[in-house]
Amino acid sequence: GWFYVYAKKILNGQMIYKDFYAFLQPIYIYILTFIAYISDYSFIALRNYGLLEQTILITLLFTLYQRATNILNASIATILTFMVYNTNTNDVIYSYYQLALIFGLLSTLFLHNYFMKEKSLSLFLSGSFAGLSFLIKQSSGLIFIISFGILLLLVLFNKNKISFKTLGLY
């Protein structure tokens, strides 16, 4: 695939944005370069990485749904969500869209953990994964950062616990 073109250039000593143009942020390109390096440009390895991404997406969706409802409803919601996701034109099995979504879902999971247990580490991880989502795909990452930031402000305001330390952790 064309992702391996970037990998080949990097493995030949070229640098992104200096020696060649890339429309993607470099994090995803470096991940695929690592896969190319360890698999000798195997297309099957790239497909397996994509299947791993989809497995992680399904697991994260199920985990989040299960927190809101019972196992049966969470299972049905996960299956339906993934059916809709797979019919979308963005469903390329090893796409940066999927990795951005994984980081967004991890951000959601840790933000939920923070709301339930108020552990600073959960808030820090939520903000970190939202930031990583932004570094993979700016449009969706920015939506995660802004919407979760607003949600965090609303919840903290409601609990009368707004502080710069808490906001800084995110």
Assess Lys8 against Tyr41: is NZ or CZ under 6.0 Å from the centre of the six-membered ring, and within 45 degrees of the ring's axis? yes
Indicate if Ile31 and Ile16 have the same hydrophobic cluster label, given that clusters are the connected sets of ILVMFWY residues with side-chain heavy-atom separations under 4.5 angstrom. yes
Give the intermediate values and the outcome of side-chain contact (heavy atoms from CB on, under 4.5 Å) for residues Val5 and Lys9. CA-CA 6 Å; Val5 172; Lys9 289 176 182 266; 4.0 Å; yes
Nearest heavy-atom approach of Ile35 to Ser39 is O-OG, 2.6 Å
Contact check, side chains of Phe103 and Ser107, non-hydrogen atoms, under 4.5 Å: no
When Ile, Leu, Val, Met, Phe, Trp and Tyr are grouped by side-chain heavy atoms lying under 4.5 Å apart, directly or through other members, which residues fall in the same group as Ile71? Phe62
From Phe110 atom CZ to Leu125 atom CG, the distance as rounded to the nearest 0.5 Å: 4.5 Å
With clusters defined by side-chain heavy atoms of hydrophobic residues (ILVMFWY) lying less than 4.5 Å apart, directly or transitively, does Leu132 cluster with Ile143? no
For Leu111 and Ser126 the tightest heavy-atom approach is CB-OG, 3.4 Å
Rounded to the nearest 0.5 Å, how far apart are OG of Ser122 and NE2 of His112? 11.0 Å
In one Ile/Leu/Val/Met/Phe/Trp/Tyr side-chain cluster, 4.5 Å: Leu106, Tyr65: yes
Is the shortest heavy-atom distance from the side chain of Asn70 to the side chain of Asn73 under 4.5 Å? yes
Measure up the Phe23 and Tyr96 rings against each other and bin them: parallel (under 30°), tilted (30 to 60°), perpendicular (over 60°). perpendicular
So for atom CZ, which belongs to Phe34, do other residues, nucleotides or ligands contribute more than 12 heavy atoms lying within a distance under 6.0 Å? no
So how far is it from Phe129 CZ to Ile145 CD1, rounded to the nearest 0.5 Å? 13.5 Å
Determine whether Pro26 and Tyr17 make a side-chain contact, defined as any pair of heavy atoms from C-beta on separated by less than 4.5 Å. yes
Checking one residue: Ile76. Which other hydrophobic residues are in its cluster under the side-chain 4.5 Å linking rule? Leu72, Ile79, Leu80, Met83
Interatomic distance, Leu101 atom CG to Ile136 atom CD1 [nearest 0.5 angstrom]: 12.0 Å
Nearest 0.5 Å, please: how far is OH in Tyr30 from CD1 in Ile27? 10.0 Å
Looking at residues at least two apart in the chain, or sitting in another chain, which of them share a ring-ring contact (aromatic ring centres under 6.0 Å, His included) with Phe20? Tyr6
State, with a plain yes or no, whether a side-chain heavy atom of Leu46 is found less than 4.5 Å away from one of Tyr4. yes
State which residue, out of Ile58, Thr59, Leu60, fulfils the side chain to side chain contact (heavy atoms under 4.5 Å, CB included) condition with Ile56. Leu60
In the structure I gave you, are the side-chain heavy atoms of Lys137 and Tyr28 within less than 4.5 Å of one another anywhere? no
Should Ile150 and Leu142 be counted in the same cluster of Ile, Leu, Val, Met, Phe, Trp and Tyr side chains packed under 4.5 Å apart? yes
Within the 4.5 Å heavy-atom criterion, are Leu109 and Arg67 side-chain neighbours or not? yes
Go through the steps to decide whether Leu57 and Phe82 satisfy the test side-chain contact (heavy atoms from CB on, under 4.5 Å), and finish with yes or no. CA-CA 9 Å; Leu57 280 173; Phe82 214 70; 4.1 Å; yes
Assigning hydrophobic clusters by single linkage (Ile, Leu, Val, Met, Phe, Trp, Tyr; side-chain heavy-atom cutoff under 4.5 Å), is Tyr21 placed with Ile29? yes
Roughly how far apart are Thr78 OG1 and Leu61 CG, rounded to 0.5 Å? 6.0 Å
For the residue pair Tyr37 and Leu32, establish whether any side-chain heavy-atom pair is separated by less than 4.5 Å. no
Is Ile102 close to Glu53 at the side-chain level, that is, under 4.5 Å between some pair of heavy atoms? yes
